[in-house]
Undergrad: 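This is the structure I have questions about; it appears just below.
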Amino acid sequence: MRRHSRLRRRQGPIMAATILAYSAASSRAFVPAARKMAAGRNFHRLEMSMALDSRQLRFYGGGLDTLDPPFSFSADELPDRISHSTASNEHRNNGYGPSINLTEDESDLFELLTQVTDEREITSTLRVAGGWVRDKLLSTPAFRHSQKGERLTSKFQKPQGSMGRQGTKIVQEEEHQPVDIDIALDDMLGREFADHLNDYLQGHGRETVSVGVVLKNPEKSKHLETATMKVGSFWIDFVNLRAEEYTQDSRIPDLMRIGTPAEDAFRRDLTINSLFYNINTGHVEDWTGRGFDDLKRGIVATPLPPLTTLLDDPLRALRSIRFAARLRFSMDDELVKAATDIRVRNALAQKVSRERVGGEVDLMLRSPDPVGAMRLLMNLNLVDTVFPLQRCLPNYQVDTQFIFSKGLELLSTSHDHLSDCKVKPPIWCQKKRCQSSATNGVEEVALVENEEARRLLWYASFLKPFMDYSRVIDQGSKKNRQQGKKANRSVIFSLLVDELKRPVRDAEAVGRIMQAADDMTSLINSGCDLSAMSVLLSGIEVKYDEEGETFSCSMNSQQVSSVQEEDPVWEHAMELRLLTSRVLQRVGPLWRASLILSLSEQLASLDHETDYYIEGDIMEESQEERRKGIIQRYDAFAAALQQLGLIGIWNQKPLINGGEMQQVLPNLPKGPEFREVMEEQECWMIAHPGGAKLALVENLRAKFPDYCN
């Protein structure tokens with residue numbers, strides 16, 4: 001009986017065993033060997049030469065088939081490398097080695113696959129590859145505890161010499177709970193095994209699963225087909241162990257064939273992504289000999305010499321940065337050296353499509369440490385290749401170093417302040433208030449819980465200095481003005497859509513965040529923060545009744561009529577409501593991102609102002625007071641927006657639609673006059689929340705008497 005027939009009963013961690021340790025045999029070869037872990041115990045060693053250049057990756061001496069991996073050792077013999085499922089609780093509690101805990105669904109899945117191989121007499125070894133193994137190990141205490149380290153707050157500390165964990169505070173921790181699983185086969189195609197699986201399901205009276213097949217397409221780096229199917233709660237890709245060969249002018253392998261586990265492990269981008277979970281044996285395999293150690297130490301490194309790896313596929317330079325940001329790992333020194341090589345930079349520009357570059361940037365900004373990712377791009381001298389600002393302003397010499405430095409500072413400030421809001425939420429960020437302040441059917445979500453809005457905010461923060469730079473240079477002259485459809489495009493739109501190949505909706509959203517941030521800055525600098533404070537102190541509140549789809553108004557806990565109330569404080573509050581509504585209608589649900597961006601620009605400029613003062617306790621206290629003052633102004637402004645019932649104003653529907661308006665104003669012509677009337681209706685509704693339809697009709701007839709009978 002195989003191992004997985006006992007998985008559910010055992011309910012314990014599965015042993016993670018490293019089966020090969022590679023040591024340098026010469027400048028051109030590695031020697032894989034089973035490490036002698038206990039004195040007096042000898043193991044058979046299988047030595048094979050493997051060229052360092054992945055273009056010459058070959059195994060000799062009969063291949064790996066003569067080896068019977070993985071080697072199994074007791075927990076006592078291997079305290080630093082593995083942990084048996086049968087190891088004592090004492091060993092596990094003391095953190096002896098990595099282990100994997102399978103969920104019940106995972107146990108069921110692997111037991112099913114094992115039953116298929118048994119019944120169908122399949123000789124192929126099933127291995128879970130890559131990210132699932134990495135993330136399962138990272139979810140274990142042994143690996144989580146080993147990654148504790150100092151996390152720098154980039155606002156106040158400059159990057160140190162190494163490329164270590166130079167991130168920022170954390171807004172949202174990375175969750176290592178995989179749902180997609182890649183299963184690698186060593187002697188059959190994925191479609192064949194998928195057919196065997198469906199035959200087994202059908203033979204046991206269970207529902208079969210549809211299979212999607214990604215056929216071979218060498219032009220898109222698909223040299224071997226992949227079968228995809230959903231089994232239970234998992235999406236599974238059945239793939240093959242692979243070996244690759246590259247040409248000099250393309251990152252797409254020139255040749256790919258079914259390979260051995262070692263070949264597949266060494267072809268992968270990073271050691272932490274080269275681990276396998278052997279379903280047949282229940283072991284985790286580390287064919288590079290570095291995967292476990294790098295994962296435990298928090299190191300991003302390549303299985304093969306990094307310069308060779310990056311020149312073969314320059315996209316791996318960006319993937320390395322992305323994983324360092326996602327996992328908050330350090331980059332290996334040799335990898336850093338290779339990534340800064342000008343040949344890698346040139347290869348990235350020449351061999352990698354802009355779609356792939358843009359995709360990696362997007363994943364970096366989705367990571368827990370977008371600031372660290374952008375800093376690495378700058379420190380590795382890759383940022384100009386990734387963000388080609390000069391191409392967006394071809395008629396001007398762009399000071400990219402200045403722009404990126406300002407962008408990183410603003411991104412860091414935005415990220416850090418949002419992190420502070422998560423730790424100690426201001427009133428406008430509290431979940432209960434978010435839910436109660438939404439109107440017109442809008443579901444309001446705090447920014448710390450809205451991954452999509454945060455991603456767009458990171459784009460806007462990092463690129464805002466470029467937008468500002470483009471506004472101050474003279475692009476208005478006829479000789480420099482673009483012609484045609486692209487004439488009205490902003491530089492941010494061109495950068496995101498034309499250069500990074502991001503969706504138009506993303507570019508438009510980022511542009512709205514930037515514009516609304518400028519509008520909010522203008523509003524607050526013109527005194528709207530004082531008006532907002534007046535709203536809060538006067539207890540002015542506009543509440544939305546979801547059932548009746550109408551508003552109720554109050555001031556100092558007393559109900560008021562928005563149409564008849566003549567108190568100057570109330571009227572001033574409604575003027576503020578009308579003024580700020582314009583900004584919110586344009587930016588919509590992304591208003592929180594705009595407000596954080598506007599606030600962050602104020603905080604960043606305050607940091608620069610301190611350069612002109614003498615340092616000291618008195619000055620630092622004054623600066624901190626000014627920082628608190630700025631934050632309090634914005635907090636009051638945001639809270640007033642909520643209290644005025646403006647969250648969801650962008651979804652407000654007119655009381656009188658177009659057809660009804662013709663009855664109210666029979667002589668109203670089409671065209672600009674009609675739009676003017678509809679705009680007047682909108683302004684009246686905003687300034688008189690909850691006002692009756694009859695009162696609106698009277699106002700329109702008084703305002704436009706020429707259109708009445």
Side-chain angles (χ1 to χ4, degrees), residues 2-5 7-8 14 100-137 139 175-244 256-259 261 264-265 267-268 273-285 359 363:
R2 293 199 176 204
R3 173 184 178 85
H4 287 282
S5 63
L7 279 175
R8 188 174 299 177
I14 306 301
I100 286 182
N101 291 296
L102 297 181
T103 65
E104 184 174 356
D105 288 343
E106 291 165 343
S107 297
D108 290 342
L109 172 65
F110 295 158
E111 185 172 355
L112 170 64
L113 298 178
T114 302
Q115 290 170 354
V116 172
T117 59
D118 287 343
E119 182 174 301
R120 309 291 294 183
E121 297 183 351
I122 297 173
T123 60
S124 183
T125 300
L126 307 182
R127 292 178 171 88
V128 184
W132 182 89
V133 185
R134 177 199 67 231
D135 290 348
K136 288 296 290 187
L137 288 174
S139 68
E175 295 183 0
H176 306 289
Q177 292 299 327
V179 293
D180 297 336
I181 297 180
D182 292 342
I183 295 181
L185 310 167
D186 56 6
D187 63 2
M188 70 165 54
L189 295 177
R191 177 167 48 179
E192 294 180 70
F193 189 87
D195 291 339
H196 282 300
L197 175 55
N198 270 330
D199 290 342
Y200 174 88
L201 294 173
Q202 186 176 32
H204 288 75
R206 299 170 63 176
E207 186 177 354
T208 59
V209 182
S210 60
V211 180
V213 178
V214 181
L215 299 176
K216 293 189 294 184
N217 187 353
E219 292 184 359
K220 294 189 176 181
S221 192
K222 301 293 182 182
H223 290 260
L224 297 174
E225 69 178 35
T226 299
T228 300
M229 58 196 310
K230 190 173 189 294
V231 181
S233 59
F234 301 97
W235 280 102
I236 301 177
D237 284 352
F238 290 105
V239 298
N240 292 107
L241 296 172
R242 305 178 183 193
E244 299 173 343
M256 184 180 288
R257 57 177 172 79
I258 296 178
D264 191 277
R267 78 172 178 86
R268 293 183 178 269
N273 294 335
S274 67
L275 300 168
F276 295 112
Y277 174 75
N278 190 317
I279 295 177
N280 295 51
T281 64
H283 297 162
V284 176
E285 302 173 352
L363 291 171

Undergrad: So do Leu126 and Phe238 actually touch side chain to side chain, heavy atoms under 4.5 Å?
TA: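 Phe238 vs Leu126: side chains apart.
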
Undergrad: Let me confirm one number: the CD1-CZ distance from Ile279 to Arg127, rounded to the nearest 0.5 Å.
TA: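 Ile279 atom CD1 to Arg127 atom CZ measures 10.5 Å (nearest 0.5 Å).
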
Undergrad: Provide the closest heavy-atom pair for Asn240 versus Gly190 in the form atom of the first, atom of the second, distance.
TA: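 Here Asn240 and Gly190 meet closest at OD1-N, 4.3 Å.
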
Undergrad: Just by modelled atom types, is the Thr125 backbone N or O under 3.5 Å from a matching donor or acceptor in the Asn280 side chain?
TA: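 No, Asn280 side chain to Thr125 backbone: no donor-acceptor pair under 3.5 Å.
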
Undergrad: Trp132 and ring pair (Phe, Tyr, Trp, His ring centres under 6.0 Å): which single residue from Trp235, Phe276, Phe110 fits?
TA: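 Passing option: Phe110.
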
Undergrad: Check side chain to side chain donor-acceptor pair (under 3.5 Å) between Gln202 and all other residues, then give those that pass, not counting sequence neighbours.
TA: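 Testing Gln202 for side chain to side chain donor-acceptor pair (under 3.5 Å), a comparison that skips the adjacent residues, returns none.
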
Undergrad: What distance separates Leu197 CG from Met229 CE, expressed to the nearest 0.5 Å?
TA: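 Here the rounded value is 4.5 Å.
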
Undergrad: Ignoring hydrogens and angles, state whether a donor on the side chain of Glu119 or His204 is under 3.5 Å from an acceptor on the partner side chain.
TA: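 Present: a donor and an acceptor within the cut-off.
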
Undergrad: Out of curiosity, Met188 CE to Asp195 CG, how far, rounded to the nearest 0.5 Å?
TA: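 Nearest 0.5 Å value for the CE-CG distance: 10.0 Å.
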
Undergrad: Indicate yes or no: at least one non-hydrogen side-chain atom of Leu137 is less than 4.5 angstrom from one of Val133.
TA: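 Yes, close enough: below the 4.5 Å cut-off.
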
Undergrad: Verify side chain to side chain contact (heavy atoms under 4.5 Å, CB included) between Asp108 and Leu112, making sure each step is shown before the conclusion.
TA: CA-CA 6 Å; Asp108 290 342; Leu112 170 64; over 6 Å; no

Undergrad: If every non-hydrogen atom of Val211 is compared with every non-hydrogen atom of Ala227, which pair is closest and at what distance?
TA: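 Result for this residue pair: CG1-CB, 4.0 Å.
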
Undergrad: Counting C-beta onward and ignoring hydrogens, is there a side-chain heavy-atom pair between Lys136 and Thr103 closer than 4.5 Å?
TA: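 In short, these two side chains touch, coming nearer than 4.5 Å.
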
Undergrad: Check for a donor-acceptor pair, side chain of Asn198 on one end and backbone N or O of Val209 on the other, with a separation under 3.5 Å.
TA: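 Side chain of Asn198 to backbone of Val209: a pair is present.
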
Undergrad: Quick one: pull up CD1 in Ile181 and CZ in Phe234 and give me the separation to the nearest 0.5 Å.
TA: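 With rounding to 0.5 Å, CD1 (Ile181) is 5.0 Å from CZ (Phe234).
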
Undergrad: Applying side chain to side chain contact (heavy atoms under 4.5 Å, CB included), run through His196 and Leu113 and close with a yes or a no.
TA: CA-CA 10 Å; His196 282 300; Leu113 298 178; over 6 Å; no

Undergrad: Quick one: closest heavy-atom pair of Ile100 and Tyr277, and the distance?
TA: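 That would be CD1-CD1, 4.2 Å.
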
Undergrad: Please check if atom CZ in Arg206 has more than 12 non-hydrogen atoms from other residues, nucleotides or ligands closer than 6.0 Å.
TA: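 No, because the 6.0 Å sphere around CZ of Arg206 holds 12 heavy atoms or fewer from other groups.
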
Undergrad: Using the side chain to side chain contact (heavy atoms under 4.5 Å, CB included) rule, take Thr226 and Asp182 through it: C-alpha gap first, then chi angles, then the decisive distance, then the call.
TA: CA-CA 10 Å; Thr226 299; Asp182 292 342; over 6 Å; no

Undergrad: Can you measure from CG (Asp264) to OG (Ser274) and round to the nearest 0.5 angstrom?
TA: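 OG of Ser274 is found 9.0 Å from CG of Asp264.
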
Undergrad: For the atom pair OG1 (Thr228) and CD1 (Ile236), what is the distance rounded to the nearest 0.5 Å?
TA: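 Interatomic distance, Thr228 OG1 to Ile236 CD1, rounded to 0.5 Å: 10.0 Å.
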
